[in-house]
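Taking it in order: structure first as structure tokens, then the write-up.
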Amino acid sequence: MLPARILAGAPLALVILSLSGCSFLWSCTDTTAERGEACVRVQIEGTYGQSLGVTAEVVDWSLEPHPQVPSEGDLVHFRFRFDGADEYSDPAVDACAVDKERVALGCQTVYSSQAFGPAADPLTGDDWLAVEHPEQVAGVLFIPNDQSYDRRTCAEDIKDGGGEHPPEPAGRGDQL
């Protein structure tokens with residue numbers, strides 16, 4: 001009779017263990033989104049490829065010394081615009097200076113909240129990219145993947161982590 005009572009209580013014990021986070025039944029998988037095509041104007045997409053309804057665009061760029069550190073020589077000064085972002089979302093994309101073969105010479109993440117431009121165009125902003133060989137720069141491109149939020153990995157949190165993650169941020173030498 002004792003084995004029947006143990007068997008009857010086993011499902012309840014498994015439920016309690018599952019709810020407490022102490023279960024061997026947790027399944028956690030990390031995946032990484034595909035990097036989207038880099039362009040001057042992109043529709044920002046979430047980790048599952050869905051459009052966020054926000055457009056990011058490189059308006060223009062130039063090579064010039066930064067006014068605060070002119071001794072560093074020419075940097076890539078670029079202006080950008082975000083359309084469709086609101087005060088609650090802050091999507092971010094990687095901006096990369098590229099050579100004529102679209103190899104990244106330097107990259108950094110740009111957030112829509114950085115686009116607070118002059119009163120005439122409050123959706124624009126500007127930033128600077130340092131590159132080793134500024135004379136090789138042929139343009140500045142945005143990568144459409146939203147980099148603003150990366151959930152915890154399975155290794156960090158087996159219970160609540162995992163899922164789809166944005167691609168690794170672009171870096172020098174990446175073919176875009």
Side-chain angles (χ1 to χ4, degrees), residues 30-153 155-156 163-176:
D30 287 309
T31 56
T32 302
E34 292 283 325
R35 180 180 287 164
E37 182 180 352
C39 295
V40 171
R41 186 172 201 260
V42 297
Q43 290 287 326
I44 300 175
E45 52 190 54
T47 54
Y48 294 100
Q50 77 282 14
S51 173
L52 299 183
V54 178
T55 302
E57 178 179 10
V58 177
V59 177
D60 64 20
W61 67 274
S62 60
L63 293 175
E64 57 189 89
H66 192 289
Q68 294 176 335
V69 283
S71 62
E72 290 184 5
D74 282 345
L75 301 177
V76 180
H77 182 209
F78 65 102
R79 285 187 336 109
F80 54 88
R81 177 180 180 87
F82 280 84
D83 288 309
D86 59 35
E87 64 219 44
Y88 301 109
S89 66
D90 192 16
V93 292
D94 286 336
C96 295
V98 296
D99 67 12
K100 63 184 177 183
E101 287 162 21
R102 297 174 57 106
V103 173
L105 302 172
C107 300
Q108 69 187 38
T109 303
V110 177
Y111 289 80
S112 65
S113 60
Q114 292 175 252
F116 54 83
D121 193 359
L123 301 177
T124 63
D126 73 310
D127 213 338
W128 300 82
L129 280 165
V131 296
E132 195 170 323
H133 298 286
E135 71 280 359
Q136 294 178 357
V137 176
V140 177
L141 303 176
F142 278 151
I143 299 172
N145 306 89
D146 182 17
Q147 294 287 345
S148 66
Y149 175 72
D150 190 8
R151 63 188 302 136
R152 293 183 302 240
T153 64
E156 295 167 330
E164 192 78 15
H165 300 275
E168 288 295 317
R172 183 176 295 150
D174 287 356
Q175 177 70 51
L176 304 179

Distance in Å, Trp61 CH2 paired with Asp126 CG, rounded so as to fall on 0.5 Å steps: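 So the gap between those two atoms works out to 15.5 Å.
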
From SG (Cys96) to CG (Leu129), nearest 0.5 Å: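 Rounded to the nearest 0.5 Å, the SG-CG separation comes out at 7.5 Å.
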
Polar side chain donor-acceptor pair, Ser148 to Asp90, under 3.5 angstrom: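 Not at all, the side chains of Ser148 and Asp90 share no donor-acceptor pair under 3.5 Å.
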
Polar contact flag, side-chain donor to acceptor under 3.5 angstrom, Gln108-Asp127: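 Judged by distance alone, the side chains do pair up.
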
Less than 4.0 angstrom from a charged side-chain N to a carboxylate O is my criterion; do [X] and [Y] meet it?
X      : Y     : result
Arg81  : Asp83 : yes
Asp174 : Arg35 : yes
Arg79  : Asp60 : yes

So, for [X] and [Y], which heavy atoms are closest and what is the spacing to 0.1 Å?
X      : Y      : result
Pro91  : Ser89  : CD-C, 3.5 Å
Ala170 : Cys107 : O-CB, 3.4 Å
Val110 : Phe78  : CG2-CZ, 3.9 Å
Trp128 : Leu75  : CE3-CB, 3.8 Å

Atom pairs and distances, donor-acceptor, side-chain atoms in residues 44-51, under 3.5 Å, two or more places apart:
residue	atom	partner	partner atom	Å
Gln50	OE1	Tyr48	N	3.2
Ser51	OG	Gly53	N	3.2

Parallel, tilted or perpendicular: ring planes of Phe142 versus Phe82, cut at 30 and 60 degrees: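 Tilted, since the angle between the ring planes falls between 30° and 60°.
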
Glu37 atom CD, neighbour heavy-atom count above 12 within 6.0 Å: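 Not more than 12 within 6.0 Å, no.
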
Test item: Asn145 side-chain N/O and Glu34 main-chain N/O as donor-acceptor pair under 3.5 Å: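 Such a contact is found between Asn145 side chain and Glu34 backbone.
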
Donor-acceptor contact below 3.5 Å, side chain Asp74 vs main chain Pro134: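 No, the answer is negative, given that no donor and acceptor are paired below the 3.5 Å cut-off.
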
